[in-house]
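Treat the numbers as computed from the prediction; the structure is a model and nothing was measured.
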Amino acid sequence: MPLINESVLENYCMEYFRAIGYQTAFGPDMLPGADHPLRTDERQPFLPGNIRSALHRLNPTLPESVLEDAYERLTSLQEPSLIARNETLHHYLTNGISIPH
(Lines give C-alpha, C1' and ligand atoms only; values in the text may rest on other atoms or scores of the structure.)
Protein backbone atom coordinates (compact mmCIF):
# COMPACT_ATOMS: atom_id res chain seq x y z
CA MET A 1 0.00 0.00 0.00
CA PRO A 2 1.51 3.38 -1.00
CA LEU A 3 2.28 5.90 1.71
CA ILE A 4 -0.05 8.89 1.76
CA ASN A 5 1.59 12.04 3.08
CA GLU A 6 0.77 15.73 2.90
CA SER A 7 2.49 16.21 -0.45
CA VAL A 8 0.68 13.28 -2.08
CA LEU A 9 -2.68 14.48 -0.76
CA GLU A 10 -2.02 18.08 -1.79
CA ASN A 11 -1.05 17.05 -5.34
CA TYR A 12 -4.15 14.87 -5.63
CA CYS A 13 -6.38 17.72 -4.46
CA MET A 14 -4.74 20.23 -6.81
CA GLU A 15 -5.25 17.86 -9.77
CA TYR A 16 -8.86 17.27 -8.76
CA PHE A 17 -9.67 21.00 -8.48
CA ARG A 18 -7.99 21.74 -11.83
CA ALA A 19 -9.99 18.91 -13.42
CA ILE A 20 -13.30 20.41 -12.27
CA GLY A 21 -12.38 23.88 -13.50
CA TYR A 22 -10.76 25.69 -10.61
CA GLN A 23 -7.63 27.77 -11.04
CA THR A 24 -4.83 26.64 -8.74
CA ALA A 25 -1.52 28.21 -7.73
CA PHE A 26 1.65 27.18 -5.94
CA GLY A 27 1.69 28.72 -2.44
CA PRO A 28 4.99 30.65 -2.69
CA ASP A 29 3.80 32.22 -5.97
CA MET A 30 1.04 33.97 -4.01
CA LEU A 31 3.30 35.60 -1.42
CA PRO A 32 4.63 39.16 -1.32
CA GLY A 33 7.69 39.43 -3.54
CA ALA A 34 6.28 37.08 -6.20
CA ASP A 35 5.49 38.37 -9.68
CA HIS A 36 1.75 38.49 -8.99
CA PRO A 37 1.20 38.12 -5.22
CA LEU A 38 -2.30 37.34 -3.99
CA ARG A 39 -1.50 37.88 -0.31
CA THR A 40 -0.23 40.97 1.46
CA ASP A 41 1.38 38.98 4.28
CA GLU A 42 2.85 35.47 4.27
CA ARG A 43 0.93 34.59 7.46
CA GLN A 44 -2.39 35.63 5.93
CA PRO A 45 -4.65 32.56 5.68
CA PHE A 46 -6.92 34.03 2.99
CA LEU A 47 -6.73 35.81 -0.36
CA PRO A 48 -8.04 39.37 0.14
CA GLY A 49 -8.81 40.04 -3.51
CA ASN A 50 -10.78 36.82 -3.85
CA ILE A 51 -12.88 37.59 -0.78
CA ARG A 52 -13.65 41.14 -1.92
CA SER A 53 -14.48 39.93 -5.43
CA ALA A 54 -16.85 37.25 -4.07
CA LEU A 55 -18.57 39.75 -1.75
CA HIS A 56 -19.23 42.06 -4.72
CA ARG A 57 -20.35 39.21 -7.00
CA LEU A 58 -22.74 37.75 -4.40
CA ASN A 59 -24.10 41.11 -3.19
CA PRO A 60 -24.10 43.44 -6.20
CA THR A 61 -26.70 45.84 -4.82
CA LEU A 62 -25.13 46.48 -1.42
CA PRO A 63 -23.21 49.70 -0.74
CA GLU A 64 -19.40 49.52 -0.68
CA SER A 65 -19.36 50.41 3.04
CA VAL A 66 -21.49 47.34 3.89
CA LEU A 67 -19.27 45.06 1.79
CA GLU A 68 -16.20 46.47 3.53
CA ASP A 69 -17.79 45.81 6.93
CA ALA A 70 -18.49 42.21 5.86
CA TYR A 71 -14.89 41.83 4.65
CA GLU A 72 -13.58 43.08 8.02
CA ARG A 73 -15.83 40.66 9.91
CA LEU A 74 -14.68 37.73 7.75
CA THR A 75 -10.98 38.53 8.01
CA SER A 76 -10.70 39.75 11.61
CA LEU A 77 -12.18 36.92 13.63
CA GLN A 78 -11.23 37.23 17.31
CA GLU A 79 -12.36 33.90 18.73
CA PRO A 80 -9.94 32.38 21.27
CA SER A 81 -9.05 29.27 19.26
CA LEU A 82 -8.54 28.14 15.69
CA ILE A 83 -11.49 25.77 15.99
CA ALA A 84 -13.79 28.56 17.20
CA ARG A 85 -12.59 30.87 14.38
CA ASN A 86 -13.22 28.13 11.80
CA GLU A 87 -16.70 27.51 13.21
CA THR A 88 -17.54 31.23 13.10
CA LEU A 89 -16.20 31.58 9.56
CA HIS A 90 -18.20 28.53 8.46
CA HIS A 91 -21.32 30.03 10.02
CA TYR A 92 -20.77 33.34 8.18
CA LEU A 93 -20.14 31.60 4.85
CA THR A 94 -23.17 29.32 5.08
CA ASN A 95 -25.67 31.64 6.81
CA GLY A 96 -24.48 35.11 5.87
CA ILE A 97 -23.35 38.07 7.96
CA SER A 98 -25.75 40.59 9.43
CA ILE A 99 -24.36 44.08 8.79
CA PRO A 100 -26.56 47.04 9.76
CA HIS A 101 -26.65 49.84 7.21
Q. Can you list every salt bridge (Lys or Arg N to Asp or Glu O under 4.0 Å) pair that touches residues 53-75, not counting sequence neighbours?
A.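 Matches after skipping sequence neighbours: R52-E68.
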Q) Given the rule that I, L, V, M, F, W and Y join up when any side-chain heavy atoms are under 4.5 Å apart, are Y92 and L62 in one cluster? A) yes
Q | Transitive ILVMFWY side-chain link L58 to Y71, under 4.5 Å | A |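 No.
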Q: Taking S53 for its side chain and G49 for its backbone only, find out whether a donor-acceptor pair lies under 3.5 Å.
A: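 Not at all, since once roles are kept as given, no pair shorter than 3.5 Å links the two residues.
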Q. Is any side-chain heavy atom of Y12 closer than 4.5 Å to a side-chain heavy atom of V8?
A. no
Q: Flag the pair N59 / L67 as yes when at least one side-chain heavy-atom distance between them is below 4.5 Å, and no otherwise.
A: yes
Show the atom names and distances, to 0.1 Å, of all donor-acceptor pairs under 3.5 Å that link a side chain in residues 19-35 to residues at least two apart or in another chain.
residue, atom, partner, partner atom, Å
T24, OG1, R18, NH1, 2.9

Could you grab the distance from atom [atom1] of [X] to atom [atom2] of [Y], nearest 0.5 Å is fine?
X: L93; Y: L74; atom1: CG; atom2: CG; value: 6.0 Å
X: I51; Y: L55; atom1: CD1; atom2: CG; value: 7.5 Å
X: L38; Y: F46; atom1: CG; atom2: CZ; value: 13.0 Å

Q: Check the pair E87, I83 against side-chain contact (heavy atoms from CB on, under 4.5 Å), reporting the backbone distance first and the verdict last.
A: CA-CA 6 Å; E87 288 171 343; I83 292 172; 3.7 Å; yes
Q. What pairs with R85 under side chain to side chain donor-acceptor pair (under 3.5 Å), at least two apart in sequence or on another chain?
A. none
